[in-house]
Trainee: 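Can you read through this structure? Questions will come right after.
Each chain gets a letter, A, B and so on, in the order its sequence line appears, and its residues count up from 1. Any value given below was found using the heavy atoms of this structure, including those in side chains, with hydrogens, waters and symmetry copies removed.
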Protein chains: 2
Amino acid sequence: MPNLDKSLVADLPIFEGMNPDDLSDIIREAQSIRYPKGSSVFQQDEEANSFFILLHGHLRVMKVTPDGQQVVVRFVAPGEIFGIAMAMGRKTYPATALAVVDSVALVWSAAAWPRLVAKHPSLAVNTIQTVGSRLQDAHTRVVEMSTEQVERRVAHALLRLAQQAGRKGEDGIKIDFPISRQDVAEMTGTTLHTVSRLLSAWEDQGLVESGRQRISIRNPHKLFMLAEAPSH
Amino acid sequence: MPNLDKSLVADLPIFEGMNPDDLSDIIREAQSIRYPKGSSVFQQDEEANSFFILLHGHLRVMKVTPDGQQVVVRFVAPGEIFGIAMAMGRKTYPATALAVVDSVALVWSAAAWPRLVAKHPSLAVNTIQTVGSRLQDAHTRVVEMSTEQVERRVAHALLRLAQQAGRKGEDGIKIDFPISRQDVAEMTGTTLHTVSRLLSAWEDQGLVESGRQRISIRNPHKLFMLAEAPSH
DNA sequence: CGACTTGTTTGATCCAACACAAACTGGCGG
DNA sequence: CCGCCAGTTTGTGTTGGATCAAACAAGTCG
């Protein structure tokens, strides 16, 4: 591993409270792999032989139902650990991870996990927190899907995207990876048609500015009010 | 702690791979507390001062939205660990836990957690798996809410309840704690009216048998088919 | 640069499920 | 044992969004 990567990785929450020697020890076992745009990092139901930390790019994690419908579970941003199915006691990946842009990840063998955890207990403690916060997110999403109607769900989804992957630009916050109406629909449990209509309406009101696989939020505050309170 | 409780607890997944001495060490720090039917074990947004293992009874865990709507997150059955918010790095409980029948839980101080984990690393490893499997469940629920319509969601919910808390009786599997139409509605993101209509219809077809806060599944196989494939 | 692919917009129609409303019932407390 | 209350059933109207259908850009590639 080049030093460059080590410095990128040192401050990640998953390595919090770990001394540099231990960190080197862990990173030494990884290799960095490049995933071209559109390629898959792992596939749903495939044997979970590796776990990962994303260095560059963005991934879309999704589940496919038996009848072929897709649901976007989340997007992975640089610095996040992912594909830790085996740490959760699973033999296979529960979802598919796809590179939405050219991406690079650190990759460990799943076999290394028990040894690393045994040697560096804080790794397990930090992993509980990582998985725990994802559990919170998932529950938040369940609550939203149960109680809110589509307009608010989509507004919430955009705000979350802006927070996780927003690049502050001239006129508002731009989501800095390609994302389609279909993607947003699969995040919120609706159809691309409905998302398209909503974005068009919001564009007219000056809340967002969007195009082909591209969304910017011009007025986060107004969008937030829309997300919290009914249409008006 | 009386020996009785120790034997109940020894085989739980959370203590897997732990020798009896270590187990005693952990259990010694807990006290067992009784929660009468209808009382709360902890409240949403309250400071997370404890974590728990349920010994007897059943709990309903639920989230309340700002506008007062409730969503049932899950039911806790005996043997399950719950209220581990602080292990996931939270200061407060993200939900409310209510005893649906008279219940008893082992209670630890949250302050004991870091010490216990440091001394017994397998505790952390097992906790990752516990939290991980809840994350899977939550994602399954998100996928269901996104892609399935109400009838199938309710069918799935009943089958899950039967699996987790089903008591095999003469004519089918009875859910062995009081559960209302409203509860099922809050688990599936619908209204008690719709749940009532579905149960009535299923009763006519001989799939279930239900009454006031009481549901039995007479024909799990047919209900399962209904859950997997559309109405027909 | 024209053909084609992939993503987007917009219109028209339809229906599952929600909202509202009212009557019913089992079981508990006084 | 009667009255009350929480939980349930069932009817009727309404609607948010899905579905179906087409035309319309914006890249991309030969």
Trainee: A quick test of your reading: do over 12 heavy atoms of other residues, nucleotides or ligands sit less than 6.0 Å from CZ of B/Arg167?
Mentor: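 No, CZ of B/Arg167 has 12 or fewer neighbouring heavy atoms, counting only those of other groups under 6.0 Å.
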Trainee: To the nearest angstrom, how far is A/Leu192 atom CG from D/dC24 atom P?
Mentor: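 So the CG-P distance, A/Leu192 to D/dC24, works out to 18 Å.
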Trainee: Roughly how many Å is it from CH2 in B/Trp202 to C1' in D/dT10, rounded to a whole number?
Mentor: 18 Å
Trainee: From C/dA17, D/dG17, D/dT9, pick the nucleotide closest to the side chain of B/Val150?
Mentor: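 Looking only at heavy atoms from C-beta outward on B/Val150, the closest nucleotide is C/dA17.
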Trainee: Can you measure A/Arg181 atom CZ to C/dT9 atom C1' for me and round it to whole angstrom units?
Mentor: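 After rounding, the reported distance stands at 9 Å.
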Trainee: Indicate the atoms forming the closest heavy-atom contact of B/Tyr93 with B/Gln43, along with that distance.
Mentor: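 Heavy atoms of B/Tyr93 and B/Gln43 come nearest at CB-O, 3.7 Å.
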Trainee: Find the distance A/Lys37:NZ to C/dT6:P and express it as a whole number of Å.
Mentor: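 Result: 13 Å.
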Trainee: Take a 6.0 Å sphere around CD of A/Glu203 and say whether it holds more than 12 heavy atoms from other residues, nucleotides or ligands.
Mentor: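 It does: A/Glu203 CD has more than 12 such atoms within range.
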Trainee: Any donor and acceptor pair, going by atom type alone, linking the side chain of B/Gln44 with main-chain N or O of B/Val64 inside 3.5 Å?
Mentor: yes
Trainee: So, does the side chain of B/Arg214 form a donor-acceptor pair with the base of D/dG7 at under 3.5 Å?
Mentor: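 Absent.
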Trainee: Rounded to whole angstroms, how far apart are CD on B/Glu203 and P on D/dT9?
Mentor: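 Between P of D/dT9 and CD of B/Glu203: 8 Å.
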Trainee: How do B/Arg212 and A/Thr191 order along DNA chain D: which one's closest nucleotide is nearer the 5' end?
Mentor: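 Its nearest nucleotide lies further toward 5', so the answer is B/Arg212.
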Trainee: Indicate whether OP1 or OP2 belonging to D/dT10 is found under 4.0 Å from a side-chain N or O atom of B/Ser200.
Mentor: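 For D/dT10, OP1 or OP2 has a side-chain N or O of B/Ser200 closer than 4.0 Å.
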Trainee: Just N and O in the side chain of B/Thr190: are any of them under 4.0 Å from OP1 or OP2 of C/dA17?
Mentor: no
Trainee: Measuring to OP1 and OP2 of C/dT10, would you say a side-chain N or O of A/Ser196 lies under 4.0 angstrom away?
Mentor: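 Looking at the OP1 and OP2 atoms of C/dT10, neither is under 4.0 Å from any side-chain N or O of A/Ser196.
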Trainee: Find the distance B/Gln149:CD to D/dG16:C1' and express it as a whole number of Å.
Mentor: 15 Å
Trainee: Might you confirm whether atom CD of B/Glu46 has over 12 heavy atoms from other residues, nucleotides or ligands at distances under 6.0 Å?
Mentor: yes
Trainee: A/Glu148 CD to C/dA17 C1': how many Å, rounded?
Mentor: 18 Å
Trainee: Using only side-chain N and O atoms of A/Arg197, determine if any of them is under 4.0 Å from OP1 or OP2 of C/dT9.
Mentor: no
Trainee: Starting from C1' on D/dG17, measure out to CZ on A/Arg152 and report it in whole angstrom.
Mentor: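 Nearest whole value for this atom pair: 16 Å.
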Trainee: Which listed nucleotide (C/dT8, D/dC20, C/dA21) is nearest to the side chain of B/His193?
Mentor: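 Side chain of B/His193 sits closest to C/dA21.
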Trainee: So what does A/Leu199 hit on the nucleic acid, given a heavy-atom distance under 4.0 Å: a base, only sugar-phosphate, or nothing?
Mentor: nothing
